[in-house]
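Source: prediction; values computed, not measured. Chain naming here is simple, since letters A, B, ... match the order of the sequence lines and numbering starts at 1 in each.
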Number of protein chains: 2
Amino acid sequence: MKLQQLRYIVEVVNHNLNVSSTAAGLYTSQPGISKQVRMLEDELGVQIFIRSGKHLTSVTSTGKEIIRIARDILSKIESIKSIAAEHTCPDKGSLYVATTYTQARYVLPHIITHFIKKYPQVSLHIHQGSPKQIADSISRGNVNFAIATEAFHLYEDLLMLPCYYWNRSIIVPTKHELATKKNITIEELSKYPLVTYTFGFTGKSELDQAFSNAGVTPHIAFTATDADIIKTYVRLGLGVGIIASMAIDKKLDLDLVQLPTNNIFSNSTTKIGFRRTTFLRSYMYDFIRQFASHLTRDLVNHALSLRSNKEIDVMFQKISLPIK
Amino acid sequence: MKLQQLRYIVEVVNHNLNVSSTAAGLYTSQPGISKQVRMLEDELGVQIFIRSGKHLTSVTSTGKEIIRIARDILSKIESIKSIAAEHTCPDKGSLYVATTYTQARYVLPHIITHFIKKYPQVSLHIHQGSPKQIADSISRGNVNFAIATEAFHLYEDLLMLPCYYWNRSIIVPTKHELATKKNITIEELSKYPLVTYTFGFTGKSELDQAFSNAGVTPHIAFTATDADIIKTYVRLGLGVGIIASMAIDKKLDLDLVQLPTNNIFSNSTTKIGFRRTTFLRSYMYDFIRQFASHLTRDLVNHALSLRSNKEIDVMFQKISLPIK
DNA sequence: AGTCGTTACGATGCCCGTAAGGATA
DNA sequence: TATCCTTACGGGCATCGTAACGACT
């Protein structure tokens, strides 16, 4: 059994069982992968992939178990490299962060500015994507950190650390009839066409929950995955916008009015997560700390010593998180 | 980085930094190992071993971390092989058990008899050794299971499952003046020279505890690591023997009298343990079950889902263990 | 003086890449 | 018909084993 063989089977799965595109992705030849995969299967005496003629159609149940462990192994190989790098050049390396639009556009910029100034030798990459894409990226080991506000069930294998609470703002154009309103209820809100996030993005489910709890059905006129598109359609008068408060830019959004929400929506939580097997470089601890100042190295390590995300949530109930 | 390189550094550590004996153990040449170790160090850019001239004297702190992860990786490689074997020939494989004399001599025989009859294709190996040797064997990955009654602090990295409670018996030759005594107290016992286990073997610390709690100092005339030697010296009249009750053979020990201990010693627990990363073959689950019938496959899996051995102990407080 | 790790060198064998073949959608 | 995996073949390179060297106990 060779490490390359494990890499190959994992990457073949990552490339949806397409060996050719896998080969392209690994800058190697397609027959080489094909052969190594078969050699591994021969050595183990089990099929990993089910072939229909000359196409790989699916992964056997045995194969799935093997793939899972192979991922662990490759991740630990990376850990060894990280340990070595940490001792030779502690400030040099790379950091991949997967997150959603709102974080990438409104929250991360000033943190990243500071980070790259402090660690000029660390190459930092932001993968922006849907919660599902983020979950895939991190479980495949393509990225170190996931920052998420939604669909935490996708991240169950990860260590998820709460970073801050946040809530929504209701936005309307300055000329809108609600623009001067001081108090707004959820019932009133439900009378207007709404423009907000697509399902599964940036706290959409808590939004639905609030309407459902109040027993009213909102009229969703339009949804988008990011706040800038929502703002654009609000500006066009398509409806009342509901976006994350941190997505309001006080300088650029002068033509929009932010109404007080009076806590009609419950708080959402933004969390940062990583695989438990990840070896955390010191600059990674620092990144976490810069993103959420209460997440000290010791606190992160303590969370790592806990088994489940439930225990972690309990632990963080004792710590007051900032509200954005 | 190659798997062989990881195997080499781990085995070099296992062989007390002696590359020559490592080479012999791996049936390969000594320069080959030497070179691969150096190549790995060059690739990682860190020293793993500290050399004084041409001798390896110790492992660097970085090296220790790397060794630990390398062991994990190699263990997972074995898991993959096990998964494959489980699907091709579920009843074929090997099982290594490390344990102390008392288990190997008095408890395991009838279990093993049954096991090898049920799984003739599984090659079963018993490593008998001191608690320290057992702990080394399992942490090095030489054995699958450790069965232990003592010094559980040595096994902290393992999943330890309680199997049964047991206690000691006091034995004297039939002609001894205590032979007809019905009730014996710990104070009386302390007046006689005692023959019992060496420190660190088969529940010696609970024994000391009992004397210490009673405020008396026992006179230990002789200690040995196994019950048969203790019996021999009891037969010679060297003193009163205190051994594990299961080490009394009703047929062979007719010349010895077993006195009622009246609960003057507290119960000890025998546990079976394995590394959490071990992939458990179905015959391994079955072995555990045969050793401790309450340890069903589901219960073992549930214990595996718990984080710490403390949680496991709590879990087993709800389950009544047999007493031997 | 003996044990032990490093260096040098030659051969085997494995892995990779190109090219051709056959099956599926 | 186009895509895709498999088989076949040849070149390059890494690994391994033998042998000689140098260092420490």
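Here the C1' atom of nucleotide D:dA23 and the CG atom of B:Leu56 are 13 Å apart, to the nearest Å. What separates CZ of B:Arg51 from C1' of C:dT7 is a distance of 14 Å, to the nearest Å. Between B:Leu17 atom CG and C:dG5 atom P there is a gap of 9 Å when expressed in whole angstrom units. When rounded to the nearest whole Å, the span between CG of B:Asn18 and P of D:dC24 equals 17 Å. Here C:dC14 presents its C1' atom at 16 Å from CG of A:Leu3, a figure rounded to the nearest Å. For the pair B:His15 NE2 and C:dG5 P, the interatomic distance rounds to 12 Å; values are reported in whole Å. Between the CD atom of A:Gln47 and the C1' atom of D:dC5 there is a distance of 14 Å, rounded to whole Å.
B:Glu11 and B:Asn14 share a side-chain donor-acceptor pair at under 3.5 Å. Counted by atom type alone, A:Glu86 and A:Ser282 present one or more donor-acceptor pairs between their side chains at under 3.5 Å.
Remark: B:Asp226 does not engage B:Arg105 in a salt bridge, criterion side-chain N to carboxylate O under 4.0 Å.
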Quick one: which protein N/O atoms are closer than 3.5 Å to N/O atoms of nucleotides 9-15 of chain D? Pair and distance per line, please.
unit_1	atom_1	unit_2	atom_2	d
D:dT15	OP1	B:Lys2	NZ	2.6

Using atom names, set out every protein N or O paired with an N or O of nucleotides 20-25 of chain C below 3.5 Å, distance rounded to 0.1 Å.
none

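Considering only residues two or more places apart in sequence or on other chains, A:Asp91 meets the salt bridge (charged side-chain N to carboxylate O under 4.0 Å, His left out) condition with none of them. Shown here are the side-chain hydrogen bond (donor to acceptor under 3.5 Å, both in side chains) partners of A:Ser123, two or more places apart in sequence or in another chain: A:His125. Listed by chain and residue number, A:Val59 satisfy the side chain to side chain contact (heavy atoms under 4.5 Å, CB included) test with A:Lys64 (two or more places apart in sequence, or in another chain).
Considering only side-chain N and O atoms, A:Ser20 lies under 4.0 angstrom from the phosphate OP1 or OP2 of D:dC5.
Between A:Phe287 and A:Asn144 the shortest side-chain heavy-atom distance does not fall below 4.5 Å.
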Using residues 151-159 of chain B as the side-chain source, report each donor-acceptor pair under 3.5 Å to any protein atom, sequence neighbours left out, with the distance given to one decimal.
unit_1	atom_1	unit_2	atom_2	d
B:Tyr155	OH	B:Pro131	O	3.1

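Remark on DNA chain C: of its neighbouring residues B:Arg38 and A:Tyr27, the 5'-side contact belongs to B:Arg38, judged by nearest-heavy-atom nucleotide.
As judged by a 4.0 angstrom heavy-atom cut-off over every strand, A:Leu26 is placed among residues making no nucleic acid contact. No contact: A:Ile33 has no heavy atom under 4.0 Å from any strand.
Partner of A:Leu95 under the side chain to side chain contact (heavy atoms under 4.5 Å, CB included) criterion, out of A:Asp286, A:Val122, A:Val143: A:Val122 alone.
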